[in-house]
Amino acid sequence: MHLFQRKHLIFWILLVIAVSRLFHFGNIVDEPHAWRQYDTKQYIEGYYYDGNSFLEPSVCWMGGHETLVLEFPLPEYIIAQLYSVFGPELWVARTFFMVFFLLTCLYLFKALKVIFDDWVPELATIIFGFTPLSIFYSRAIHIDFFALFFAFAMLYYLLIAIKHQKMSSFWIALAFSIVAFVEKAPYVFYLAFPLLVFAVQQKQLLWILKRAIFFVIPIVGLFAWNNFAIHTNSNIPDWYFIPGFNKFTEMTYWYFGTWEQRMNSEFTLRILGRLKDEILGLTGMIVFGVGLLFYKKQSTYWFVMSWLFGAFIYAFIFFNLNIHHNYYQIPFIAPFAIIAAMGIQKVVQLFTGKGLKVQLVSALSVVLIYVGLSINYAEENYYVQNTEFESIAKMLKQHTKRDDLVVFSYGGLTPQCPLILQPAQRKGWSIPQEFLMKFIIESLRKDGNATKLAIVYDGYFSGELKTFFEAQTNKKGLEINKEGRTFYICDLKQ
(Lines give C-alpha, C1' and ligand atoms only; values in the text may rest on other atoms or scores of the structure.)
Protein backbone atom coordinates (compact mmCIF):
# COMPACT_ATOMS: atom_id res chain seq x y z
CA MET A 1 0.00 0.00 0.00
CA HIS A 2 3.02 2.29 0.24
CA LEU A 3 2.60 3.07 -3.50
CA PHE A 4 -0.56 5.00 -2.65
CA GLN A 5 1.09 7.27 -0.09
CA ARG A 6 1.15 11.00 -0.88
CA LYS A 7 4.84 10.98 -1.81
CA HIS A 8 4.01 8.61 -4.67
CA LEU A 9 0.94 10.52 -5.85
CA ILE A 10 2.89 12.44 -8.49
CA PHE A 11 3.73 9.11 -10.16
CA TRP A 12 0.03 8.27 -10.53
CA ILE A 13 -0.77 11.79 -11.76
CA LEU A 14 1.88 11.54 -14.49
CA LEU A 15 0.71 8.04 -15.41
CA VAL A 16 -2.89 9.20 -15.86
CA ILE A 17 -1.72 12.18 -17.94
CA ALA A 18 0.38 9.89 -20.16
CA VAL A 19 -2.38 7.31 -20.68
CA SER A 20 -4.91 10.00 -21.58
CA ARG A 21 -2.73 11.04 -24.55
CA LEU A 22 -2.65 7.60 -26.16
CA PHE A 23 -6.07 8.06 -27.77
CA HIS A 24 -4.56 10.57 -30.23
CA PHE A 25 -1.24 8.99 -31.09
CA GLY A 26 -1.90 8.34 -34.77
CA ASN A 27 0.36 8.61 -37.77
CA ILE A 28 -1.26 11.74 -39.23
CA VAL A 29 -0.27 15.30 -38.34
CA ASP A 30 -3.40 17.14 -37.22
CA GLU A 31 -4.58 20.70 -36.68
CA PRO A 32 -4.24 23.23 -35.18
CA HIS A 33 -0.98 24.51 -36.62
CA ALA A 34 -0.20 21.43 -38.68
CA TRP A 35 2.15 23.60 -40.76
CA ARG A 36 4.35 24.13 -37.70
CA GLN A 37 4.39 20.43 -36.93
CA TYR A 38 5.27 19.58 -40.54
CA ASP A 39 8.26 21.93 -40.40
CA THR A 40 9.45 20.09 -37.28
CA LYS A 41 8.79 16.76 -38.97
CA GLN A 42 10.85 17.89 -41.96
CA TYR A 43 13.78 18.77 -39.70
CA ILE A 44 13.61 15.23 -38.30
CA GLU A 45 13.33 13.54 -41.70
CA GLY A 46 16.06 15.72 -43.16
CA TYR A 47 18.42 14.32 -40.54
CA TYR A 48 17.15 10.76 -40.92
CA TYR A 49 16.66 10.33 -44.68
CA ASP A 50 19.11 12.88 -46.09
CA GLY A 51 21.87 12.52 -43.51
CA ASN A 52 22.06 16.27 -42.87
CA SER A 53 24.52 17.43 -40.24
CA PHE A 54 23.20 18.93 -36.99
CA LEU A 55 23.87 22.45 -38.28
CA GLU A 56 22.02 21.84 -41.56
CA PRO A 57 18.32 21.48 -40.68
CA SER A 58 16.12 21.45 -43.76
CA VAL A 59 12.72 22.65 -44.91
CA CYS A 60 10.78 21.27 -47.86
CA TRP A 61 9.70 24.59 -49.40
CA MET A 62 13.01 26.09 -50.49
CA GLY A 63 13.69 23.81 -53.42
CA GLY A 64 17.06 22.13 -53.54
CA HIS A 65 18.67 24.58 -51.14
CA GLU A 66 16.81 23.03 -48.17
CA THR A 67 18.91 24.41 -45.29
CA LEU A 68 17.05 26.92 -43.17
CA VAL A 69 17.75 27.56 -39.50
CA LEU A 70 14.49 28.31 -37.70
CA GLU A 71 15.35 27.07 -34.20
CA PHE A 72 17.98 25.15 -32.28
CA PRO A 73 17.23 21.67 -33.68
CA LEU A 74 18.26 19.54 -30.69
CA PRO A 75 14.94 17.65 -30.26
CA GLU A 76 14.62 16.98 -33.98
CA TYR A 77 18.18 15.65 -34.17
CA ILE A 78 17.64 13.34 -31.19
CA ILE A 79 14.40 12.00 -32.68
CA ALA A 80 16.21 11.27 -35.95
CA GLN A 81 18.63 9.09 -33.98
CA LEU A 82 15.67 7.35 -32.34
CA TYR A 83 14.26 6.70 -35.81
CA SER A 84 17.43 4.71 -36.51
CA VAL A 85 16.49 2.42 -33.63
CA PHE A 86 12.68 2.25 -33.76
CA GLY A 87 12.00 3.21 -37.37
CA PRO A 88 10.71 6.47 -38.91
CA GLU A 89 7.27 6.34 -37.31
CA LEU A 90 5.36 9.32 -35.99
CA TRP A 91 4.64 7.57 -32.69
CA VAL A 92 8.37 7.72 -31.93
CA ALA A 93 8.35 11.52 -32.23
CA ARG A 94 5.08 11.78 -30.30
CA THR A 95 6.49 9.62 -27.50
CA PHE A 96 9.65 11.73 -27.33
CA PHE A 97 7.76 14.99 -27.00
CA MET A 98 5.27 13.49 -24.53
CA VAL A 99 8.10 12.24 -22.29
CA PHE A 100 9.49 15.77 -22.14
CA PHE A 101 6.02 17.08 -21.37
CA LEU A 102 5.81 14.68 -18.42
CA LEU A 103 9.24 15.85 -17.28
CA THR A 104 7.96 19.42 -17.53
CA CYS A 105 5.06 18.45 -15.25
CA LEU A 106 7.47 16.77 -12.84
CA TYR A 107 9.73 19.81 -12.55
CA LEU A 108 6.76 22.11 -12.14
CA PHE A 109 5.65 19.88 -9.25
CA LYS A 110 9.15 19.83 -7.74
CA ALA A 111 9.43 23.62 -7.98
CA LEU A 112 6.05 24.11 -6.31
CA LYS A 113 6.98 21.72 -3.49
CA VAL A 114 9.76 24.15 -2.63
CA ILE A 115 7.20 26.94 -2.32
CA PHE A 116 3.96 25.37 -1.03
CA ASP A 117 3.26 23.14 1.97
CA ASP A 118 -0.36 22.27 1.07
CA TRP A 119 -1.95 20.37 -1.85
CA VAL A 120 -1.35 23.08 -4.45
CA PRO A 121 1.63 21.28 -6.11
CA GLU A 122 -0.42 18.16 -6.86
CA LEU A 123 -3.53 20.09 -7.89
CA ALA A 124 -1.55 22.49 -10.10
CA THR A 125 0.24 19.59 -11.83
CA ILE A 126 -3.09 17.95 -12.67
CA ILE A 127 -4.52 21.19 -14.05
CA PHE A 128 -1.29 21.90 -15.96
CA GLY A 129 -1.49 18.41 -17.47
CA PHE A 130 -5.10 18.77 -18.55
CA THR A 131 -5.48 22.25 -19.97
CA PRO A 132 -6.70 21.97 -23.57
CA LEU A 133 -3.41 23.40 -24.87
CA SER A 134 -1.45 20.83 -22.87
CA ILE A 135 -3.66 17.97 -23.98
CA PHE A 136 -3.04 18.70 -27.66
CA TYR A 137 0.53 20.00 -27.84
CA SER A 138 2.02 17.50 -25.40
CA ARG A 139 1.63 14.77 -28.06
CA ALA A 140 2.05 16.98 -31.12
CA ILE A 141 5.20 17.15 -33.25
CA HIS A 142 6.06 20.38 -31.50
CA ILE A 143 9.06 21.62 -29.55
CA ASP A 144 7.50 23.99 -27.01
CA PHE A 145 7.17 21.67 -24.04
CA PHE A 146 10.66 20.34 -24.75
CA ALA A 147 11.90 23.91 -24.33
CA LEU A 148 9.69 24.49 -21.28
CA PHE A 149 11.19 21.43 -19.58
CA PHE A 150 14.63 23.07 -19.54
CA ALA A 151 13.09 26.32 -18.30
CA PHE A 152 11.26 24.60 -15.42
CA ALA A 153 14.30 22.50 -14.52
CA MET A 154 16.31 25.72 -14.36
CA LEU A 155 13.62 27.24 -12.14
CA TYR A 156 13.61 24.31 -9.72
CA TYR A 157 17.37 24.16 -9.28
CA LEU A 158 17.61 27.93 -8.84
CA LEU A 159 14.94 27.79 -6.13
CA ILE A 160 16.98 25.12 -4.34
CA ALA A 161 20.18 27.10 -4.85
CA ILE A 162 18.63 30.27 -3.41
CA LYS A 163 16.94 28.53 -0.48
CA HIS A 164 20.03 26.62 0.63
CA GLN A 165 22.82 28.75 -0.94
CA LYS A 166 23.81 25.59 -2.78
CA MET A 167 26.27 26.17 -5.60
CA SER A 168 25.94 22.67 -7.06
CA SER A 169 22.25 23.37 -7.73
CA PHE A 170 23.18 26.75 -9.18
CA TRP A 171 25.53 25.16 -11.72
CA ILE A 172 22.91 22.58 -12.70
CA ALA A 173 20.39 25.41 -13.19
CA LEU A 174 22.88 27.28 -15.34
CA ALA A 175 23.41 24.21 -17.53
CA PHE A 176 19.65 23.85 -18.07
CA SER A 177 19.34 27.57 -18.81
CA ILE A 178 21.88 27.36 -21.65
CA VAL A 179 19.71 24.87 -23.54
CA ALA A 180 16.50 26.69 -22.59
CA PHE A 181 17.73 30.03 -23.95
CA VAL A 182 18.94 28.74 -27.31
CA GLU A 183 15.86 26.55 -27.69
CA LYS A 184 13.24 29.19 -26.89
CA ALA A 185 14.39 32.25 -24.93
CA PRO A 186 10.89 33.82 -24.68
CA TYR A 187 9.85 30.88 -22.49
CA VAL A 188 12.67 31.49 -20.00
CA PHE A 189 13.42 35.13 -19.27
CA TYR A 190 10.14 35.98 -17.50
CA LEU A 191 10.90 33.39 -14.79
CA ALA A 192 13.32 35.98 -13.41
CA PHE A 193 10.32 37.71 -11.80
CA PRO A 194 9.27 34.88 -9.44
CA LEU A 195 12.92 33.97 -8.82
CA LEU A 196 13.76 37.49 -7.66
CA VAL A 197 10.64 37.60 -5.45
CA PHE A 198 11.64 34.27 -3.92
CA ALA A 199 15.18 35.55 -3.32
CA VAL A 200 13.80 38.60 -1.52
CA GLN A 201 11.50 36.40 0.57
CA GLN A 202 14.44 34.15 1.51
CA LYS A 203 16.62 37.19 2.24
CA GLN A 204 19.07 35.91 -0.38
CA LEU A 205 18.72 38.61 -3.04
CA LEU A 206 22.35 39.69 -2.71
CA TRP A 207 23.49 36.04 -2.89
CA ILE A 208 21.78 35.45 -6.26
CA LEU A 209 22.64 38.87 -7.68
CA LYS A 210 26.34 38.25 -7.06
CA ARG A 211 26.10 35.13 -9.19
CA ALA A 212 23.73 36.48 -11.83
CA ILE A 213 26.71 37.44 -14.00
CA PHE A 214 27.03 33.77 -14.96
CA PHE A 215 23.73 34.03 -16.83
CA VAL A 216 25.60 36.02 -19.42
CA ILE A 217 26.67 32.58 -20.67
CA PRO A 218 23.20 31.46 -21.94
CA ILE A 219 22.57 34.96 -23.28
CA VAL A 220 25.84 34.87 -25.23
CA GLY A 221 24.90 31.38 -26.42
CA LEU A 222 21.56 32.71 -27.65
CA PHE A 223 23.19 35.58 -29.57
CA ALA A 224 25.82 33.23 -31.03
CA TRP A 225 23.10 30.87 -32.27
CA ASN A 226 21.05 33.74 -33.72
CA ASN A 227 24.10 35.10 -35.52
CA PHE A 228 24.81 31.63 -36.92
CA ALA A 229 21.18 31.36 -38.08
CA ILE A 230 21.31 34.75 -39.82
CA HIS A 231 24.64 33.91 -41.49
CA THR A 232 23.35 30.50 -42.64
CA ASN A 233 20.05 31.85 -43.92
CA SER A 234 21.77 34.66 -45.80
CA ASN A 235 23.12 31.96 -48.14
CA ILE A 236 19.61 31.11 -49.31
CA PRO A 237 19.22 31.97 -53.01
CA ASP A 238 17.52 35.31 -53.51
CA TRP A 239 14.36 34.14 -55.23
CA TYR A 240 13.04 37.68 -55.14
CA PHE A 241 10.57 37.00 -57.95
CA ILE A 242 8.39 34.88 -55.58
CA PRO A 243 5.92 37.24 -53.86
CA GLY A 244 6.19 36.82 -50.09
CA PHE A 245 9.59 35.10 -50.29
CA ASN A 246 11.56 35.39 -47.04
CA LYS A 247 15.18 34.48 -46.26
CA PHE A 248 14.50 34.69 -42.49
CA THR A 249 17.43 37.00 -41.83
CA GLU A 250 15.34 39.82 -40.34
CA MET A 251 12.60 38.57 -38.04
CA THR A 252 12.13 41.27 -35.41
CA TYR A 253 8.88 42.40 -37.01
CA TRP A 254 7.49 38.88 -36.70
CA TYR A 255 8.56 38.39 -33.08
CA PHE A 256 7.54 41.75 -31.66
CA GLY A 257 4.94 43.22 -34.00
CA THR A 258 3.99 46.90 -33.85
CA TRP A 259 2.80 49.31 -31.20
CA GLU A 260 -0.44 49.70 -33.14
CA GLN A 261 -1.16 46.01 -32.58
CA ARG A 262 -0.87 46.50 -28.84
CA MET A 263 -3.33 49.37 -29.01
CA ASN A 264 -5.84 47.28 -30.95
CA SER A 265 -8.36 45.84 -28.51
CA GLU A 266 -9.35 43.13 -31.01
CA PHE A 267 -5.93 41.49 -30.74
CA THR A 268 -5.84 41.76 -26.95
CA LEU A 269 -9.30 40.22 -26.69
CA ARG A 270 -8.23 37.42 -29.04
CA ILE A 271 -5.36 36.47 -26.72
CA LEU A 272 -7.50 36.80 -23.59
CA GLY A 273 -10.18 34.66 -25.24
CA ARG A 274 -7.65 31.90 -25.81
CA LEU A 275 -6.50 32.10 -22.19
CA LYS A 276 -10.12 31.67 -21.13
CA ASP A 277 -11.05 28.87 -23.55
CA GLU A 278 -7.80 26.96 -24.10
CA ILE A 279 -6.38 27.05 -20.58
CA LEU A 280 -9.04 27.76 -17.96
CA GLY A 281 -12.51 26.97 -19.23
CA LEU A 282 -15.55 27.74 -17.09
CA THR A 283 -14.57 25.66 -14.05
CA GLY A 284 -11.00 26.90 -14.23
CA MET A 285 -12.12 30.52 -14.37
CA ILE A 286 -14.19 30.09 -11.21
CA VAL A 287 -11.44 28.48 -9.12
CA PHE A 288 -8.89 30.87 -10.66
CA GLY A 289 -10.97 33.77 -9.37
CA VAL A 290 -11.24 32.14 -5.94
CA GLY A 291 -7.47 31.61 -5.78
CA LEU A 292 -6.74 35.12 -6.99
CA LEU A 293 -9.06 36.78 -4.48
CA PHE A 294 -9.21 34.54 -1.42
CA TYR A 295 -6.02 32.48 -1.12
CA LYS A 296 -3.99 33.59 1.89
CA LYS A 297 -1.83 36.59 1.00
CA GLN A 298 1.56 35.31 2.09
CA SER A 299 4.91 34.65 0.41
CA THR A 300 3.57 31.83 -1.80
CA TYR A 301 0.82 34.10 -3.14
CA TRP A 302 3.21 36.85 -4.19
CA PHE A 303 5.58 34.33 -5.76
CA VAL A 304 2.79 33.15 -8.05
CA MET A 305 1.55 36.68 -8.76
CA SER A 306 5.04 37.66 -9.91
CA TRP A 307 5.08 34.60 -12.19
CA LEU A 308 1.74 35.65 -13.67
CA PHE A 309 3.04 39.21 -14.07
CA GLY A 310 6.10 37.87 -15.89
CA ALA A 311 3.88 35.88 -18.26
CA PHE A 312 1.96 39.02 -19.19
CA ILE A 313 5.23 40.90 -19.74
CA TYR A 314 6.32 38.07 -22.04
CA ALA A 315 3.07 38.33 -24.02
CA PHE A 316 3.34 42.12 -24.28
CA ILE A 317 6.88 41.86 -25.68
CA PHE A 318 6.20 39.00 -28.10
CA PHE A 319 2.78 40.31 -28.95
CA ASN A 320 2.69 39.41 -32.63
CA LEU A 321 3.56 35.77 -31.93
CA ASN A 322 0.81 35.59 -29.31
CA ILE A 323 -1.72 37.04 -31.76
CA HIS A 324 -1.09 34.51 -34.50
CA HIS A 325 -0.38 31.26 -32.65
CA ASN A 326 -2.30 29.73 -29.76
CA TYR A 327 0.73 27.73 -28.63
CA TYR A 328 2.48 30.95 -27.66
CA GLN A 329 0.04 31.08 -24.74
CA ILE A 330 1.78 28.01 -23.27
CA PRO A 331 3.81 30.13 -20.77
CA PHE A 332 0.51 31.14 -19.17
CA ILE A 333 -0.47 27.56 -18.37
CA ALA A 334 1.70 27.19 -15.24
CA PRO A 335 0.72 30.40 -13.38
CA PHE A 336 -2.94 29.93 -14.33
CA ALA A 337 -2.84 26.30 -13.15
CA ILE A 338 -1.20 27.29 -9.86
CA ILE A 339 -3.73 30.03 -9.11
CA ALA A 340 -6.60 27.69 -10.01
CA ALA A 341 -5.07 25.08 -7.69
CA MET A 342 -4.92 27.72 -4.95
CA GLY A 343 -8.63 28.27 -5.53
CA ILE A 344 -9.38 24.56 -5.17
CA GLN A 345 -7.27 24.48 -2.00
CA LYS A 346 -9.36 27.35 -0.64
CA VAL A 347 -12.58 25.52 -1.51
CA VAL A 348 -11.31 22.42 0.31
CA GLN A 349 -10.57 24.52 3.39
CA LEU A 350 -14.25 25.43 3.58
CA PHE A 351 -14.87 21.80 4.56
CA THR A 352 -12.33 21.79 7.38
CA GLY A 353 -13.82 19.92 10.31
CA LYS A 354 -16.11 17.82 8.13
CA GLY A 355 -13.58 15.03 7.73
CA LEU A 356 -10.84 14.11 5.29
CA LYS A 357 -13.20 12.20 2.99
CA VAL A 358 -15.42 15.24 2.47
CA GLN A 359 -12.38 17.38 1.67
CA LEU A 360 -11.04 14.82 -0.80
CA VAL A 361 -14.41 14.44 -2.50
CA SER A 362 -14.78 18.22 -2.85
CA ALA A 363 -11.30 18.60 -4.38
CA LEU A 364 -11.70 15.57 -6.62
CA SER A 365 -15.09 16.76 -7.86
CA VAL A 366 -13.74 20.12 -8.98
CA VAL A 367 -10.69 18.51 -10.61
CA LEU A 368 -12.77 15.92 -12.48
CA ILE A 369 -15.19 18.55 -13.76
CA TYR A 370 -12.26 20.65 -14.97
CA VAL A 371 -10.53 17.68 -16.62
CA GLY A 372 -13.76 16.53 -18.26
CA LEU A 373 -14.53 19.96 -19.72
CA SER A 374 -10.93 20.35 -20.94
CA ILE A 375 -10.96 16.98 -22.70
CA ASN A 376 -14.33 17.84 -24.24
CA TYR A 377 -12.99 21.18 -25.52
CA ALA A 378 -9.93 19.47 -27.01
CA GLU A 379 -12.04 16.81 -28.71
CA GLU A 380 -14.37 19.40 -30.23
CA ASN A 381 -11.71 21.89 -31.36
CA TYR A 382 -8.47 19.97 -32.01
CA TYR A 383 -7.28 16.80 -33.79
CA VAL A 384 -8.63 18.03 -37.13
CA GLN A 385 -7.31 16.11 -40.15
CA ASN A 386 -7.36 17.75 -43.58
CA THR A 387 -8.27 14.72 -45.66
CA GLU A 388 -8.17 16.68 -48.92
CA PHE A 389 -4.60 17.83 -48.29
CA GLU A 390 -3.65 14.28 -47.38
CA SER A 391 -5.06 12.91 -50.65
CA ILE A 392 -3.31 15.64 -52.68
CA ALA A 393 -0.02 14.87 -50.93
CA LYS A 394 -0.52 11.19 -51.75
CA MET A 395 -1.09 12.05 -55.43
CA LEU A 396 2.02 14.22 -55.50
CA LYS A 397 4.09 11.45 -53.97
CA GLN A 398 2.76 8.85 -56.42
CA HIS A 399 3.55 10.93 -59.51
CA THR A 400 6.99 12.24 -58.57
CA LYS A 401 10.36 10.85 -57.52
CA ARG A 402 12.09 11.71 -54.26
CA ASP A 403 14.76 13.77 -56.02
CA ASP A 404 12.25 15.83 -58.04
CA LEU A 405 11.99 19.52 -57.24
CA VAL A 406 8.34 20.50 -57.54
CA VAL A 407 6.75 23.88 -58.20
CA PHE A 408 3.46 23.39 -56.39
CA SER A 409 0.42 25.63 -56.27
CA TYR A 410 -2.94 25.33 -54.56
CA GLY A 411 -5.16 28.23 -53.62
CA GLY A 412 -3.49 30.64 -51.23
CA LEU A 413 -0.89 28.29 -49.75
CA THR A 414 2.07 30.54 -49.06
CA PRO A 415 5.76 30.19 -50.05
CA GLN A 416 6.48 28.95 -46.50
CA CYS A 417 3.78 26.27 -46.55
CA PRO A 418 4.76 22.60 -46.00
CA LEU A 419 1.20 21.23 -45.83
CA ILE A 420 1.41 19.34 -49.15
CA LEU A 421 5.12 19.03 -49.89
CA GLN A 422 6.13 17.59 -46.51
CA PRO A 423 3.60 14.75 -46.19
CA ALA A 424 4.44 13.91 -49.82
CA GLN A 425 8.12 13.83 -48.77
CA ARG A 426 9.02 16.08 -51.67
CA LYS A 427 10.98 19.30 -51.89
CA GLY A 428 10.16 22.33 -53.98
CA TRP A 429 8.36 25.64 -53.79
CA SER A 430 4.82 26.55 -52.77
CA ILE A 431 3.43 29.38 -54.92
CA PRO A 432 0.06 31.01 -54.16
CA GLN A 433 -2.20 30.55 -57.16
CA GLU A 434 -2.77 34.26 -57.70
CA PHE A 435 0.97 34.66 -58.33
CA LEU A 436 1.53 31.53 -60.39
CA MET A 437 2.77 32.64 -63.81
CA LYS A 438 5.12 31.50 -66.54
CA PHE A 439 7.90 33.88 -65.44
CA ILE A 440 8.07 32.43 -61.91
CA ILE A 441 7.91 28.80 -63.09
CA GLU A 442 10.58 29.37 -65.73
CA SER A 443 12.81 31.22 -63.25
CA LEU A 444 12.59 28.32 -60.78
CA ARG A 445 13.34 25.85 -63.57
CA LYS A 446 16.45 27.79 -64.61
CA ASP A 447 17.70 29.07 -61.24
CA GLY A 448 16.39 26.33 -58.95
CA ASN A 449 16.47 23.25 -61.23
CA ALA A 450 12.75 22.62 -60.81
CA THR A 451 11.69 19.41 -62.58
CA LYS A 452 7.93 19.18 -61.97
CA LEU A 453 4.93 21.48 -61.96
CA ALA A 454 1.91 20.44 -59.85
CA ILE A 455 -1.25 22.52 -59.61
CA VAL A 456 -4.56 21.94 -57.85
CA TYR A 457 -7.18 23.87 -59.78
CA ASP A 458 -10.95 24.13 -60.01
CA GLY A 459 -11.74 23.40 -63.64
CA TYR A 460 -9.03 24.10 -66.20
CA PHE A 461 -6.49 26.86 -66.78
CA SER A 462 -6.87 29.79 -69.11
CA GLY A 463 -4.57 32.30 -70.73
CA GLU A 464 -0.81 32.16 -70.27
CA LEU A 465 -0.89 29.34 -67.70
CA LYS A 466 -2.93 27.12 -70.06
CA THR A 467 -0.49 27.73 -72.92
CA PHE A 468 2.50 27.06 -70.70
CA PHE A 469 1.11 23.86 -69.16
CA GLU A 470 0.11 22.39 -72.51
CA ALA A 471 3.62 22.96 -73.86
CA GLN A 472 5.13 20.71 -71.16
CA THR A 473 5.58 16.92 -71.25
CA ASN A 474 3.98 14.00 -69.36
CA LYS A 475 0.90 16.02 -68.51
CA LYS A 476 -1.76 14.47 -66.28
CA GLY A 477 -5.02 15.60 -64.73
CA LEU A 478 -6.45 13.63 -61.81
CA GLU A 479 -9.90 14.33 -60.42
CA ILE A 480 -10.01 15.23 -56.73
CA ASN A 481 -13.76 15.73 -56.31
CA LYS A 482 -16.99 15.77 -58.30
CA GLU A 483 -17.07 19.58 -58.35
CA GLY A 484 -14.22 19.70 -60.85
CA ARG A 485 -11.23 20.20 -58.58
CA THR A 486 -8.31 18.55 -60.34
CA PHE A 487 -4.69 17.72 -59.61
CA TYR A 488 -2.56 18.64 -62.62
CA ILE A 489 1.07 17.59 -62.96
CA CYS A 490 3.70 17.69 -65.70
CA ASP A 491 7.41 17.55 -66.33
CA LEU A 492 9.10 20.88 -66.89
CA LYS A 493 11.05 21.04 -70.15
CA GLN A 494 14.73 21.36 -69.35
Side-chain angles (χ1 to χ4, degrees), residues 14 17-48 57 59-60 70-80 82-83 86 88-105 108 128-152 183-184 186-187 274 277-279 321-322 324-334 337 374-387 389-390 393 416-420 422-423:
L14 296 178
I17 290 172
V19 170
S20 71
R21 300 321 195 248
L22 299 180
F23 298 98
H24 292 284
F25 236 61
N27 207 39
I28 298 295
V29 173
D30 45 19
E31 297 283 359
H33 295 297
W35 63 270
R36 184 65 185 85
Q37 297 182 67
Y38 275 126
D39 276 341
T40 301
K41 184 170 176 277
Q42 177 57 38
Y43 266 28
I44 298 167
E45 294 184 357
Y47 289 130
Y48 179 74
V59 293
C60 60
L70 294 170
E71 64 205 25
F72 190 68
L74 179 61
E76 295 93 333
Y77 187 79
I78 296 173
I79 293 170
L82 293 174
Y83 274 13
F86 299 103
E89 301 293 338
L90 214 56
W91 69 263
V92 177
R94 291 195 189 281
T95 301
F96 175 87
F97 285 118
M98 188 179 74
V99 166
F100 273 90
F101 174 76
L102 295 174
L103 290 172
T104 303
C105 293
L108 172 65
F128 183 90
F130 281 100
T131 67
L133 283 179
S134 296
I135 291 171
F136 180 78
Y137 285 110
S138 61
R139 34 65 65 196
I141 314 304
H142 200 266
I143 71 163
D144 283 41
F145 283 114
F146 176 86
L148 202 62
F149 156 70
F150 288 93
F152 282 8
E183 196 66 50
K184 205 143 195 172
Y187 286 12
R274 291 201 198 114
D277 295 332
E278 301 190 65
I279 296 180
L321 294 177
N322 275 271
H324 291 286
H325 309 307
N326 67 346
Y327 56 82
Y328 273 100
Q329 277 82 72
I330 283 175
F332 283 96
I333 297 177
S374 291
I375 292 174
N376 182 67
Y377 182 92
E379 292 292 336
E380 289 186 351
N381 294 277
Y382 304 150
Y383 313 118
V384 178
Q385 295 183 9
N386 193 321
T387 54
F389 280 14
E390 291 166 19
Q416 295 82 36
C417 181
L419 291 174
I420 304 296
Q422 208 296 315

So, taking the atom named [atom1] in [X] and the one named [atom2] in [Y], what distance separates them when rounded to the nearest 0.5 Å?
X    : Y    : atom1 : atom2 : result
E76  : K41  : CD    : NZ    : 13.0 Å
S374 : I279 : OG    : CD1   : 10.5 Å
I141 : T40  : CD1   : OG1   : 8.0 Å
I135 : N376 : CD1   : CG    : 10.0 Å
L133 : Y328 : CG    : OH    : 13.5 Å
Y327 : H142 : OH    : NE2   : 4.5 Å

Show your reasoning for whether side-chain contact (heavy atoms from CB on, under 4.5 Å) applies to I330 and L148.
CA-CA 9 Å; I330 283 175; L148 202 62; 3.9 Å; yes
What side chain to side chain donor-acceptor pair (under 3.5 Å) pairs are there with at least one residue in residues 90-99, not counting sequence neighbours?
none
So which atom in [X] and which in [Y] form the shortest heavy-atom distance, rounded to 0.1 Å?
X    : Y    : value
F101 : S138 : CG-CB, 3.4 Å
P423 : P418 : CD-O, 3.3 Å
E183 : A147 : CG-CB, 3.7 Å
Y83  : E89  : CE1-O, 3.4 Å
F145 : T104 : O-OG1, 3.1 Å
Y383 : E379 : CE1-OE2, 3.9 Å

Answer whether the closest heavy-atom distance between the side chains of [X] and [Y] falls below 4.5 Å.
X    : Y    : answer
Y77  : I44  : no
I79  : Y43  : no
W35  : Q416 : no
Q329 : E278 : no
I143 : F97  : yes
P32  : N326 : yes

Tell me whether [X] contacts the main-chain N or O of [Y] through its side chain, where contact means a donor paired with an acceptor under 3.5 Å.
X    : Y    : value
E45  : Y48  : no
S134 : G129 : no
R274 : N322 : yes

Quick test of your reading: applying salt bridge (Lys or Arg N to Asp or Glu O under 4.0 Å), list the pairs with at least one residue in residues 129-146, sequence neighbours left out, ordered by first then second residue.
D30-R139, D144-K184
F130 six-ring centre to R21 NZ/CZ under 6.0 Å and within 45° of normal
yes
For R36, all residues meeting salt bridge (charged side-chain N to carboxylate O under 4.0 Å, His left out), sequence neighbours excluded
E71
Which of these, Y137, F23, F136, sits in a ring-ring contact (aromatic ring centres under 6.0 Å, His included) with Y382?
F136
Which label fits F100 and F96: parallel for a plane angle under 30°, tilted from 30 to 60°, or perpendicular past 60°?
tilted
